[in-house]
Amino acid sequence: MTITFSRVALTTLAVTATTLSLSTVANAQSPVANDIADARECVDADNVWVYVEYGEDSEKEPEGACATEFTAGVVALESAGFLPTFDESEFGKYLTSINGVAPEWDERELYWAYSTGEVADDYSVDYTYYQVGASDSRPEGGTVEAWVVGTGEETPALETLPETPAATGS
C-alpha cells in the first residue's frame with residue numbers, strides 16, 4: 001500500500017510540475033499579457049489599460065494590455081507585459097523602445113509620445129499629453145496610459161474602449 005501511494009503521489013507531482021511549466025511557457029510566448037478586448041473589464045476593475053501604437057514605420061499593430069501595478073508609468077508599461085528599453089540623459093531616463101520598436105529621431109523628430117486618458121461612463125477616452133516622464137507620472141486606476149510613436153501632436157487612435165466579447169461555451 002505504501003508503494004502504491006508513493007507512485008500515485010509521484011505521478012501527481014510530475015503532472016502538476018509539467019502543467020505549471022507548460023503554462024509558464026505559454027504565457028512567456030506573448031510579451032503582452034492581455035488581449036485588447038479586456039480593456040473595459042480592466043478599467044472597471046480600477047486597473048490601468050496600457051495602449052501602444054507603434055507608428056506608421058512599424059509593421060506592428062496597436063496593442064493593449066491591463067496593468068495591475070501602476071505606481072508610475074514605467075511600472076504600468078512593464079506590468080502590462082510590454083518590454084521597454086531606456087537610455088540616460090542629463091535630464092534622467094528616457095524611453096527608447098517598446099517591444100523592440102525604436103522610433104528614429106530624423107527630420108520628422110519621432111519619439112514615444114506619452115498620454116493619460118480619462119475614461120467616461122460610455123468608455124470614450126479623453127487624452128492629455130503628459131508633461132512629465134514615465135518615471136514621474138502617477139497613473140490612476142480606471143484610466144488609460146497611451147504610448148504613440150509620433151511628434152507629440154497625435155492623439156491616440158483608441159477613442160473608445162472596445163466591448164468585451166461575450167463568452168462562448170465549449
Side-chain angles (χ1 to χ4, degrees), residues 26-165:
N27 289 335
Q29 290 175 355
S30 173
V32 181
N34 298 311
D35 183 49
I36 199 165
D38 295 328
R40 291 184 181 195
E41 290 177 0
C42 178
V43 298
D44 285 345
D46 212 27
N47 291 310
V48 170
W49 187 252
V50 178
Y51 174 72
V52 176
E53 288 180 30
Y54 296 100
E56 63 186 39
D57 293 345
S58 175
E59 294 180 9
K60 290 188 178 203
E61 293 294 320
E63 296 182 272
C66 191
T68 57
E69 297 177 29
F70 43 89
T71 54
V74 171
V75 174
L77 189 62
E78 292 172 337
S79 172
F82 292 96
L83 304 171
T85 58
F86 302 91
D87 275 344
E88 292 289 331
S89 78
E90 62 187 74
F91 303 107
K93 271 179 26 172
Y94 66 93
L95 182 74
T96 55
S97 75
I98 298 175
N99 291 350
V101 175
E104 289 192 33
W105 183 271
D106 53 16
E107 66 277 350
R108 297 176 296 169
E109 298 180 350
L110 300 178
Y111 67 100
W112 281 106
Y114 177 42
S115 301
T116 185
E118 292 291 322
V119 180
D121 291 341
D122 66 353
Y123 295 103
S124 61
V125 185
D126 182 32
Y127 292 99
T128 303
Y129 183 84
Y130 265 116
Q131 299 298 316
V132 297
S135 296
D136 295 325
S137 66
R138 300 292 174 252
E140 294 182 21
T143 62
V144 175
E145 295 288 290
W147 295 89
V148 178
V149 170
T151 62
E153 300 294 321
E154 302 81 6
T155 301
L158 182 66
E159 296 176 346
T160 302
L161 298 182
E163 291 188 42
T164 303

May I ask you to decide if Gly73's main-chain N or O and Ser137's side chain share a donor-acceptor pair within less than 3.5 Å?
yes

Tell me if a side-chain donor or acceptor on Glu159 pairs with a main-chain N or O of Ala157 at a distance below 3.5 Å.
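No; judged by distance alone, with no hydrogens or angles, the pair does not exist.
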
Heavy-atom pair of closest approach, residues [X] and [Y]:
X      : Y      : value
Cys42  : Val48  : SG-O, 3.4 Å
Leu110 : Thr151 : CD2-CG2, 4.1 Å
Thr71  : Arg138 : O-CD, 3.1 Å
Asn47  : Thr68  : OD1-CA, 3.7 Å
Thr116 : Glu145 : OG1-OE2, 3.1 Å
Thr85  : Leu95  : O-CD1, 3.5 Å

Name the orientation class of the two ring planes belonging to Tyr114 and Trp147 (parallel below 30°, tilted from 30 to 60°, perpendicular beyond 60°).
parallel

Before giving the answer on side chain to side chain donor-acceptor pair (under 3.5 Å), spell out for Tyr123 and Glu163 the whole-Å C-alpha distance, their side-chain angles and the decisive distance to 0.1 Å.
CA-CA 9 Å; Tyr123 295 103; Glu163 291 188 42; over 6 Å; no

Between Glu53 and Tyr51, do the side chains contain a donor N or O and an acceptor N or O under 3.5 Å apart?
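Yes, Glu53 and Tyr51 have a side-chain donor paired with an acceptor closer than 3.5 Å.
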
Classify the side-chain pair Tyr54/Glu59 by whether it contains a donor and acceptor separated by less than 3.5 Å.
no

Lys60 and Val149: side-chain contact (heavy atoms from CB on, under 4.5 Å), yes or no, with the steps?
CA-CA 12 Å; Lys60 290 188 178 203; Val149 170; over 6 Å; no

Taking it one step at a time, do Leu77 and Ile98 satisfy side-chain contact (heavy atoms from CB on, under 4.5 Å)?
CA-CA 9 Å; Leu77 189 62; Ile98 298 175; 4.1 Å; yes

Side-chain heavy atoms of Cys66 within contact of Trp49, under 4.5 Å:
yes

Within-4.5 Å side-chain heavy-atom neighbours: Leu161 and Val43
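Yes, side chains in contact.
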
Output the distance between atom [atom1] ([X]) and atom [atom2] ([Y]), rounded to the nearest 0.5 Å.
X      : Y      : atom1 : atom2 : value
Glu69  : Glu78  : CD    : CD    : 10.0 Å
Glu88  : Tyr94  : CD    : OH    : 9.0 Å
Glu56  : Arg108 : CD    : CZ    : 6.0 Å
Glu153 : Tyr129 : CD    : OH    : 9.0 Å

Pair Phe70-Thr143, side-chain contact (heavy atoms from CB on, under 4.5 Å): steps then yes or no
CA-CA 11 Å; Phe70 43 89; Thr143 62; over 6 Å; no

Dump the intermediate steps for side-chain contact (heavy atoms from CB on, under 4.5 Å) on Thr160 and Asp122, then the final yes or no.
CA-CA 8 Å; Thr160 302; Asp122 66 353; over 6 Å; no

